[in-house]
Each structure stands twice: as C-alpha cells, then as structure tokens.
Amino acid sequence: KNTVASEEEEEERGFPSVHQQQHQQLLLPAQKNPIFPHGGARGGCSSVGVVLKACGLRVTCIKIDPYLNTDAGTMSPFEHGEVFVLDDGGEVDLDLGNYERFLDVTLTRDNNITTGKIYQSVIEKERKGDYLGKTVQVVPHVTDEIKQWIQSVSSVPVDGQTRPADVCVIELGGTVGDIESMPFIEALRQLSFSLGKDNFCLIHVSLVPVLGVVGEQKTKPTQHSVRELRALGLTPDLLACRSAQPLIGSVKEKLSQFCHVPVENILNIHDVPNLWHVPLILRNQKVHEAIIKQLNLGRSAGPPELRDWTQMAESYDDLKNSVKIALVGKYTNLTDSYLSVVKALLHASVACSLKPSIQWIAASDLEDATATSAPDAHAKAWETLKGSSCILIPGGFGDRGISGMILAAKYARENKVPYLGICLGMQISVIEMSRNVLGLKDADSEEFNSETPFRVVMYMPEVSKTHMGNTMRLGCRRTFFRRTDCLTSKLYGSPEHVDERHRHRYEVNPSFVAMLENAGLHFVGCDESGKRMEVVELQDHPFYIGVQFHPEFKSRPRRPSPPFTGLILAAAEYMGTPANNSNGHVGTSE
C-alpha cells in the first residue's frame with residue numbers, strides 16, 4: 001500500500017507556535033510505495049495528505065504513539081490533550097482527529113498504534129505458543145509485529161470505497177533518539193529495506209530556531225538530528241523545516257550540504273495566518289512532485305486541485321465580524337483538551353461568515369467560593385461570561401468546577417443566552433433544572449455524590465465499576481428523535497434519527513424525566529430503547545440544547561456539526577450580527 005507517516009505535534013494546538021524537537025516524517029504508498037513522516041509540525045502530516053489527495057490519490061493514515069498505554073482512553077487531558085473517539089469506539093490520540101478533519105475520512109482504532117498494543121499482541125502470541133519456543137525479543141518479534149500491523153492497516157480503505165488506498169501516511173510520534181521510539185525506528189528501517197526506495201519516502205521534520213537579537217536562522221539542531229537519524233539506519237528524502245519566518249536561500253543550501261538532501265526537497269513550514277494555509281504552502285513548494293517522483297506514482301497522480309481549499313483558507317482571512325463564545329470547562333489551562341470542540345466552533349463560525357472568539361472560562365472561577373479566595377479571578381470570569389454571545393459547556397469527568405458550570409447553565413437559562421451542553425454539559429443542565437426549578441436542592445449526579453436521594457444522573461448499569469479503560473459507552477450510536485419538530489431535529493434536516501459518537505459512563509435517570517419535562521426541559525432524543533435520554537431542549541428559550549453525544553468529533557471544515565451551527569446562528573441573532581449560514585439546515589429565525 002502507499003503509506004505516508006508523520007507526527008503532527010502542532011497542527012491543532014495552534015500551528016504558529018514553533019515545535020522544539022526534531023522529528024522525521026515518512027511516506028509509504030499503500031500498495032507499493034511507503035511514505036512515513038515522523039513529525040514535528042502537526043500541520044505537516046495532514047497537509048501532506050491533503051496535497052496528495054488533491055492529486056487524485058486515495059489516502060489513509062496511521063498514527064504511531066510510542067507510549068506504553070494501550071490507548072489514550074485513561075490519559076488525563078492535561079497530560080495528552082483530548083481523547084478523540086472514532087466510530088468503532090476507539091479512544092485515540094487527537095492527531096487522528098486532525099486526519100479525519102483534513103482528509104474527510106473515517107478511521108478505526110487500528111489506525112492508532114501504541115507500544116502497549118504491540119507488546120500486548122506479542123505477549124498474547126507468546127502465551128499461545130505462536131513463537132514455537134523461541135526466545136521472544138524486540139528484534140525480530142516486536143519489530144515484525146510493528147511491520148505486520150502497518151502493512152495490514154494500510155490496506156484497509158477509510159474513504160467509503162472498497163479498494164485499498166493509494167497512499168498511507170504514517171506519523172511516528174516522539175523525538176529522534178527517544179528510547180521508547182527505537183523499536184519503531186528499527187521496524188521502519190527494515191521496512192524501507194524490504195520495500196525498496198521506490199516504495200518508501202522519509203520526511204524528517206525539524207525546527208530551525210532563531211537565536212537572540214541577531215535573527216540568524218540556525219541549522220545545527222537539524223544537522224545533528226539528521227546525523228542521529230542516519231546513524232539509526234534511516235536517511236531522509238525530504239526535510240520539512242519549521243520556522244517562524246520563511247527560510248532564506250543560504251540556509252536551505254547549508255542544510256542541503258550537511259544533510260545530503262537536495263535543495264528542492266527542503267520544505268519550509270513557516271507560520272501562517274491560519275492552519276488551512278499549510279497545504280497551500282506545501283503545494284507551492286511542490287511537495288507532491290518530490291513525493292510522487294520518489295514513489296514512482298506519476299501515472300496515478302495529476303496536478304493538485306486545491307481551488308476549494310484555497311477559497312476556504314482565504315475566506316477565513318477575510319472575515320470581519322466575530323462571535324464571542326464562552327467555553328466553561330474544567331481543563332481550560334490546556335486548550336488541547338477541547339481541540340475538537342474548538343475546531344467544530346471554527347467550522348460552524350466560518351460557515352456563518354463569522355470568526356470564533358473563544359472566551360476561556362475556568363468553571364471553578366465562577367463558583368461562590370472563588371469570590372472569597374480569588375475575587376479578581378471570580379469577577380473577571382463573570383464579566384467574561386456576561387459579555388459573551390453564547391455559552392458552551394463541554395464534556396469532562398470529576399467534580400471539580402461542577403458548581404461553576406451549574407451557575408453558568410442557570411445564567412444561560414434565566415437570561416435567554418444561547419446554550420449548548422455536550423455530554424457533561426447536558427447532565428449539568430439536568431442538575432441545574434432539578435435544583436432550581438423542581439426545588440430538589442440535593443439533586444446531583446451519582447458521579448459527584450453517590451449518597452444523594454435525588455440521583456438525576458446515574459451510573460449506566462452495564463458499565464464496569466472496576467476497570468476504567470475502554471469500558472464506557474463508546475463510539476457511534478444512533479439517537480432517535482421523539483419529536484421531529486424539535487429544534488435539534490431541524491438543525492440536522494429533520495431526519496428520524498442521527499448517528500453520533502459517544503463517550504460516557506453516566507446517563508440521565510429515567511425516573512426523573514417526566515418531572516423535568518413538566519418543568520419545561522423536554523427530552524427530544526433517546527436511544528433505541530427509548531429509555532436512555534440523548535437530547536434535551538428548554539421550552540420558551542431561543543436556543544438551549546443539551547446532547548449526550550459528542551457532535552464535535554464528526555465536524556468537518558465543509559460540513560460543520562449541526563448543533564454547533566445552531567449555536568453560532570443563535571449567538572449571531574443574540575448579538576444582532578448578520579450571519580450567512582451556507583451549510584446548515586435552519587436559519588436564525590428558527
């Protein structure tokens with residue numbers, strides 16, 4: 001298969017920030033030609049895929065994470081950013097979300113390889129006796145497992161067609177020289193040898209820093225990382241150099257001389273106004289020609305067709321009006337924790353001809369206790385909340401900041417501010433209504449208070465209480481609309497049901513549904529059983545919606561998520577700014 005690999009450490013974290021480590025990228029064509037980018041600039045891998053896809057090639061992706069975790073499901077958002085959820089329930093690295101958004105593909109859990117998965121598979125085979133009594137070692141058994149996994153997954157189509165992809169982009173995370181990356185480096189070295197030069201292309205991603213006030217672009221870090229990479233048996237075919245400003249000609253010539261890479265194969269990924277420009281600067285530097293030549297794909301590929309992509313990138317730069325969105329969350333100190341939410345807000349805002357201005361509010365800063373302990377932070381948080389045109393409460397776990405979220409939901413309800421609650425955000429709206437409208441002062445979630453007499457949110461009975469990894473209700477599940485005339489159904493185009501991705505272990509207690517509906521909080525969506533509530537709407541409110549699923553995971557630049565589009569349209573009407581909804585199904589009048 002044609003395969004492309006790279007680590008995209010910066011793409012969704014905000015590309016203008018410069019990565020501080022040296023990486024390598026490789027491209028591996030799916031049937032014959034492999035390309036593996038071992039990354040550094042997060043825009044690199046997805047953007048290479050966009051350019052190759054624009055040339056008429058079908059592209060799939062693999063992300064390799066060298067950590068020992070089996071998957072990202074049990075990792076803290078502060079540790080590793082958000083956990084991205086796939087249709088099959090895979091809890092994976094956020095970079096797979098980058099691939100899905102940029103390439104408009106649907107990946108599986110097997111597209112994310114971790115050291116934990118590899119060792120787990122090897123040990124299971126050893127226990128079954130598959131190695132016939134041999135001494136099981138990193139080489140060849142672990143490296144063979146890595147190679148087999150890559151070649152197997154790269155043959156699986158991810159774009160809805162039945163034929164295998166033409167090119168597989170593989171991103172190897174980490175830094176050249178990391179101990180944990182060594183088995184993967186060795187596996188790729190072996191793979192490059194067995195496949196041959198026509199079937200393997202390596203892109204090394206490296207930082208070109210500027211030191212001091214002199215402003216000189218330094219090449220030494222790249223020289224040293226390439227030297228170490230070559231010592232491990234891999235020689236880069238292309239260099240992708242991250243820098244704040246475009247590289248000057250003499251720097252490219254110096255890199256070419258000391259790194260043994262032709263000048264025309266030295267790419268410069270410099271800071272850009274928005275991330276959608278990255279594929280365009282790669283195209284302008286003819287990355288496709290270098291890769292297609294290296295992999296001998298000239299007969300299958302044509303010139304890149306990126307007119308629609310160019311229009312999208314440039315239209316964002318031309319937007320004048322913005323919309324203030326209050327994002328009230330638990331992990332606001334690391335915005336990567338809400339990466340897909342941020343991207344979904346971007347997609348919806350651009351579709352409405354608006355620029356998103358996200359106002360990050362730590363939920364705990366809204367709490368009454370903070371007014372005493374940190375009055376300035378408390379005052380600023382409330383000032384920011386009241387100055388925003390809409391409020392969004394995303395998912396999360398644990399009781400920290402819950403009181404602040406409830407106060408934010410109450411403010412949105414009482415002041416007719418557009419509100420969207422996702423997963424935990426929907427449960428917050430249920431708790432708030434139960435306490436402040438139904439008068440159940442002790443109403444709570446079993447997650448936060450297992451002793452409360454009013455468990456309006458409860459633990460799902462089928463979920464394990466002893467094991468945390470891969471035990472939640474995960475993946476794409478069907479939600480049926482109980483009322484097709486509800487606002488959420490209209491946002492989706494009035495279907496009978498929608499399929500969205502889930503990640504939760506708590507649900508609304510069905511015993512309280514009737515009481516809440518009598519109070520005006522209508523449960524307009526449910527699962528196939530009719531007992532698990534999925535969507536709530538508040539009557540007599542311009543836009544107050546809670547969803548148990550995570551619509552952000554399926555948002556795409558040209559197909560924004562309907563709940564997010566509705567929120568932005570409602571926010572535009574709330575602040576009196578005209579919005580042009582070019583993708584949604586309903587206008588602000590609805």
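The first residue of the sequence shown is numbered 1, and numbering continues consecutively from there. Because the structure is a prediction, the values reported are computed rather than measured. Side chains are part of it too, since the values below use all heavy atoms of this structure and drop only hydrogens, waters and symmetry mates.
- With rounding to the nearest 0.5 Å, the separation of CG in L392 from CG in L420 is 4.5 Å.
- A donor-acceptor contact shorter than 3.5 Å links the side chain of R501 to the backbone of V85.
- Judged purely by distance below 3.5 Å, without hydrogens or angles, the side chains of S340 and R101 pair a donor atom with an acceptor atom.
- Contact of the L275 side chain with the F102 side chain is registered, since non-hydrogen atoms from C-beta on lie closer than 4.5 Å.
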| task | Would you check, one step at a time, whether the test side chain to side chain contact (heavy atoms under 4.5 Å, CB included) holds for N111 with V92? | result | CA-CA 9 Å; N111 290 89; V92 297; over 6 Å; no

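- At least one donor-acceptor pair under 3.5 Å links the side chain of H504 to the backbone N or O of Y506.
- For the pair Q294 (side chain) and F200 (backbone), a donor-acceptor distance under 3.5 Å is present.
- In this structure, CZ on R503 lies 11.5 Å from CG on L86, to the nearest 0.5 angstrom.
- Of the residues D95, D110, D71, the one that meets the salt bridge (charged side-chain N to carboxylate O under 4.0 Å, His left out) test with K63 is D95.
- In this structure, T115 contributes its side chain and P66 its backbone to a donor-acceptor pair below 3.5 Å.
- Here C476 contributes atom SG and K554 contributes atom NZ; the two are 3.5 Å apart, rounded to the nearest 0.5 Å.
- Dense packing is recorded around NZ of K147, with more than 12 heavy atoms of other residues, nucleotides or ligands lying under 6.0 Å away.
- Checked by atom type and distance alone, the side chain of W276 never pairs as donor or acceptor with a backbone atom of W309 at under 3.5 Å.
- Shortest non-hydrogen contact noted between R556 and V105 is NH2-O, 3.7 Å.
- Using modelled atom types, no side-chain atom of S349 and backbone atom of L346 make a donor-acceptor pair closer than 3.5 Å.
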| query | Would F564 and L345 satisfy side chain to side chain contact (heavy atoms under 4.5 Å, CB included), going step by step from the backbone distance to the final call? | reply | CA-CA 6 Å; F564 284 87; L345 289 171; 3.6 Å; yes

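- For the atom pair CD1 of I281 and CG of L267, the computed distance is 9.0 Å after rounding to the nearest 0.5 Å.
- Shown here are the side chain to side chain contact (heavy atoms under 4.5 Å, CB included) partners of R230, two or more places apart in sequence or in another chain: V226, T235, P236, H260.
- Formation of a donor-acceptor pair under 3.5 Å by the N265 side chain with backbone atoms of P262 is not found in this model.
- Applying the ring pair (Phe, Tyr, Trp, His ring centres under 6.0 Å) rule to pairs touching residues 120-144 yields Y131-H141, sequence neighbours excluded.
- Two residues are said to be in side-chain contact when any heavy atoms from C-beta on lie closer than 4.5 Å; I292 and C55 meet this criterion.
- Atoms CZ and CD, on F553 and E100 in that order, are 10.0 Å from each other to the nearest 0.5 Å.
- Annotation: side chain to side chain donor-acceptor pair (under 3.5 Å) contacts of Q285 (sequence neighbours excluded): none.
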| request: Determine, stepwise, if the pair V51 / I291 fulfils side chain to side chain contact (heavy atoms under 4.5 Å, CB included). | output: CA-CA 10 Å; V51 176; I291 294 172; over 6 Å; no

| request: With side chain to side chain contact (heavy atoms under 4.5 Å, CB included) as the test, would you mind laying out the steps for V341 and I358 before giving the verdict? | output: CA-CA 11 Å; V341 172; I358 299 177; over 6 Å; no

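- The two residues P279 and L306 come nearest to each other via the heavy atoms O-CD1, 4.5 Å.
- Residues V83 and G73 come closest through the heavy atom pair CG1-CA, 4.2 Å.
- Side-chain contact between V139 and Q190 is present, with at least one heavy-atom pair separated by less than 4.5 Å.
- The heavy-atom pair separating N69 from T114 by the smallest distance is O-OG1, 2.9 Å.
- A pairwise comparison of heavy atoms in P356 and Y316 identifies CD-CE1, 4.2 Å as the closest pair.
- At most 12 non-hydrogen atoms from other residues, nucleotides or ligands lie less than 6.0 angstrom from CD of E496.
- A donor-acceptor pair under 3.5 Å is absent between the side-chain atoms of S555 and the main chain of E552, judged by distance alone.
- Within the 3.5 Å criterion, the main-chain N or O of I269 finds a donor-acceptor partner in the side chain of R242.
- Residue E534 holds its CD atom at 13.5 Å from NE2 of H497, rounded to the nearest 0.5 Å.
- Looking only at distances, a side-chain donor or acceptor of N274 sits under 3.5 Å from a matching main-chain atom of A313.
- S225 and H204 are linked by a side-chain donor-acceptor pair at a separation below 3.5 angstrom, with hydrogens and angles left out of the test.
- In this structure, R558 does not pair ionically with D104, as no charged nitrogen and carboxylate oxygen lie closer than 4.0 Å.
- For the residue pair L238 and A290, the shortest heavy atom distance occurs at CD2-CB, 3.8 Å.
- The environment of E79 atom CD is sparse: at most 12 non-hydrogen atoms of other residues, nucleotides or ligands sit within 6.0 angstrom.
- Counting only residues at least two apart or in different chains, ring pair (Phe, Tyr, Trp, His ring centres under 6.0 Å) contacts with residues 50-79 comprise Y67-H80, F78-Y331.
- Annotation: side chain to side chain donor-acceptor pair (under 3.5 Å) contacts of S529 (sequence neighbours excluded): D527.
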Report, one line per pair, each donor and acceptor closer than 3.5 Å where one atom sits in a side chain of residues 116-129; sequence neighbours left out.
unit_1	atom_1	unit_2	atom_2	d
K117	NZ	R109	O	2.8
K117	NZ	N112	O	2.7
S121	OG	E145	OE2	2.7
K125	NZ	E145	OE1	2.7

